[in-house]
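Side chains are part of it too, since the values below use all heavy atoms of this structure and drop only hydrogens, waters and symmetry mates.
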Amino acid sequence: MAAGAAKLHALVACALLLLAVGCQASPYWPLELGFYHDKCPQAEAVVKGVMQHAISQNPGNGAAMIRMLFHDCFVEGCDASIFLDPTPFSPTPEKLSPPNDPSVRGFELIDAIKDAVEAACPGVVSCADILAFAARDASCILSKGTIAFDMPSGRRDGTFSNASEPLKFLVPPTSNLSALVKSFVVKGLDAEDLVILSGAHTIGRSHCSSFVSDRLQAPSDINAGLAWFLRSQCPADATPGGNDPVVMQDVVTPNELDSQFYKNVLAHKVLFTSDAALLTSEDTARMVEANANIPGWWEGKFAKAMVKLAAVEVKTGGQGQVRKHCRAINYY
């Protein structure tokens with residue numbers, strides 16, 4: 001009771017100070033840097049250690065964490081709802097939705113990180129924060145340290161997950177620029193965030209079914225040499241869950257998080273219609289050129305965009321829970 005009164009008093013004091021001389025809130029609110037400093041000081045180091053080992057075994061593990069953060073945050077906010085497995089009460093969670101199944105991977109890596117964190121600090125660190133830390137560490141490791149940033153934390157894990165939700169918010173790679181921008185604006189992001197975060201397509205793999213029909217079997221601006229190579233790798237009838245091989249998204253620097261993606265866009269050597277669409281407006285085309293040609297320009301912006309992405313519709317305080325296992329909600 002006394003603690004609640006003290007918190008209320010502090011909020012009132014801040015409000016009065018704001019009226020008088022200005023009271024500047026944390027730029028990360030409602031998240032904060034060092035959220036686990038007292039409760040689990042080793043949390044971030046534990047996550048980083050597991051990520052370093054996982055990426056040394058397979059750089060694709062890093063790409064998987066970055067992609068998973070995006071797919072989680074755009075659906076129900078950054079609340080680890082993408083991790084939840086089917087149950088009799090919820091037989092079709094997000095991970096079984098077409099935008100996620102079978103292309104999103106890395107669930108076993110999340111399990112390993114969670115186990116390591118739980119061994120250090122049981123019941124303290126949320127799965128949502130673990131994913132945010134893992135994506136941050138993947139960005140740093142895959143960029144060889146050129147993309148290094150602090151990740152605020154304090155997220156709570158959601159308790160709802162349904163396969164219908166990703167279909168509403170994760171637009172397909174066949175989308176035009178207007179649809180892409182709208183999907184970002186709905187989440188409090190903008191066209192620059194779209195361009196910057198698309199740069200993550202310099203790492204990772206894609207299933208052929210994501211681009212064959214609109215990039216190889218229909219008129220498109222794709223580079224003729226790349227089209228020839230992709231046809232040699234991808235069956236014309238590639239379908240999700242069927243004969244659907246994977247190819248690298250960036251054949252120049254496939255395992256390095258760098259600005260090569262933008263050079264590929266300018267050379268028409270990208271897989272997706274959604275990537276090529278970045279050249280269809282003067283504003284986004286200028287951004288692509290800057291990211292491609294100014295050393296260090298994109299890396300700094302990507303760091304800021306990742307923090308912004310990881311704050312989308314977060315649950316904090318009394319919202320949600322801290323799951324004991326990332327694949328299942330806690331039943332008390």
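Between Leu31 and Val314, the closest side-chain pair of non-hydrogen atoms falls below 4.5 Å. Between Pro99 and Glu94, every side-chain heavy-atom pair lies at or beyond the 4.5 Å cut-off. Leu69 is not listed as a side-chain neighbour of Phe74, based on a closest heavy-atom distance of 4.5 Å or more.
For an aromatic pair to be called close, the ring centres must be under 6.0 Å apart, and Phe149 with Phe302 fails this.
Using a 3.5 Å distance cut-off with no hydrogens or angles, the side chains of Asn162 and Ser164 do pair a donor with an acceptor. For the 3.5 Å distance criterion, the side chains of Ser81 and Glu76 fail to qualify, holding no donor opposite an acceptor. Judged by distance alone, the side chains of Ser103 and Arg67 do bring a donor and an acceptor atom under 3.5 Å apart.
Taking NE2 of His201 as the start and OG of Ser274 as the end, the distance is 6.0 Å to the nearest 0.5 Å. From Leu33, atom CG reaches atom OG of Ser153 across 7.5 Å, with rounding to the nearest 0.5 Å. Note that the OG atom of Ser281 and the CE atom of Met287 stand 7.0 Å from one another [nearest 0.5 Å]. Between the CD1 atom in Ile55 and the SG atom in Cys140 there is a gap of 9.5 Å [rounded to 0.5 Å]. Separating the OG atom in Ser139 from the CD atom in Glu299 is a distance of 11.5 Å, to the nearest 0.5 Å. Distance check: Asp193 CG to Leu309 CG gives 8.5 Å after rounding to the nearest 0.5 Å.
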Discussion item. Side chain to side chain contact (heavy atoms under 4.5 Å, CB included), that's the test. Do Arg136 and Met306 meet it? Break it down for me.
Written reply: CA-CA 8 Å; Arg136 182 269 312 272; Met306 284 289 283; over 6 Å; no
Discussion item. Walk me through whether Ile147 and Leu142 qualify under side chain to side chain contact (heavy atoms under 4.5 Å, CB included).
Written reply: CA-CA 9 Å; Ile147 301 175; Leu142 291 173; over 6 Å; no
Worksheet item: Does the pair Phe133 and Tyr36 meet the rule for a side chain to side chain contact (heavy atoms under 4.5 Å, CB included), with working shown?
Response: CA-CA 12 Å; Phe133 293 148; Tyr36 297 105; 4.1 Å; yes
Item to complete: Evaluate the criterion side chain to side chain contact (heavy atoms under 4.5 Å, CB included) for residue pair Ile130 and Val117; output intermediate values, then yes/no.
Response: CA-CA 9 Å; Ile130 284 174; Val117 172; 4.2 Å; yes
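Residues in residues 252-270 take part in these side chain to side chain donor-acceptor pair (under 3.5 Å) pairs, two or more places apart or across chains: Thr202-Asp258, Asp221-His268, Asp250-Thr253, Asp250-Asn264, Thr253-Asp258, Gln260-Asn264, Tyr262-Trp298. Residue pairs that meet the side chain to side chain donor-acceptor pair (under 3.5 Å) test with at least one member in residues 112-122, sequence neighbours left out, are Lys114-Glu118.
Using a 4.0 Å cut-off between charged side-chain N and carboxylate O, Lys168 and Glu165 make a salt bridge. Contact check on Asp79 versus Arg155 returns no salt bridge, with no Lys/Arg side-chain nitrogen under 4.0 Å from an Asp/Glu carboxylate oxygen. At a threshold of 4.0 Å, the pair Asp137-Lys48 does not count as salt-bridged, since none of the basic side-chain nitrogens sits closer than that to a carboxylate oxygen.
For the pair Asp72 (side chain) and Met68 (backbone), a donor-acceptor distance under 3.5 Å is absent. Using modelled atom types, one side-chain atom of Asn330 and one backbone atom of Lys324 make a donor-acceptor pair closer than 3.5 Å.
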Give every donor-acceptor pair under 3.5 Å between a side-chain atom in residues 85-92 and any protein atom, sequence neighbours left out.
from  : atom 1 : to     : atom 2 : distance (Å)
Asp85 : OD1    : Lys95  : NZ     : 2.5
Asp85 : OD1    : Arg327 : NH1    : 3.3
Asp85 : OD2    : Arg327 : NH1    : 3.4
Thr87 : OG1    : Phe89  : N      : 3.3
Thr87 : OG1    : Ser90  : N      : 2.9
Ser90 : OG     : Ser161 : O      : 3.3

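Residues Val312 and Cys73 come closest through the heavy atom pair CG1-O, 3.5 Å. Asp244 approaches Cys208 most closely through the heavy-atom pair OD1-N, 3.1 Å.
Residue Lys182 places its NZ atom among 12 or fewer non-hydrogen atoms of other residues, nucleotides or ligands, all under 6.0 Å distant.
Residue Phe211 forms a side chain to side chain contact (heavy atoms under 4.5 Å, CB included) with just one option from Ile222, Val247, Thr174, and that option is Val247.
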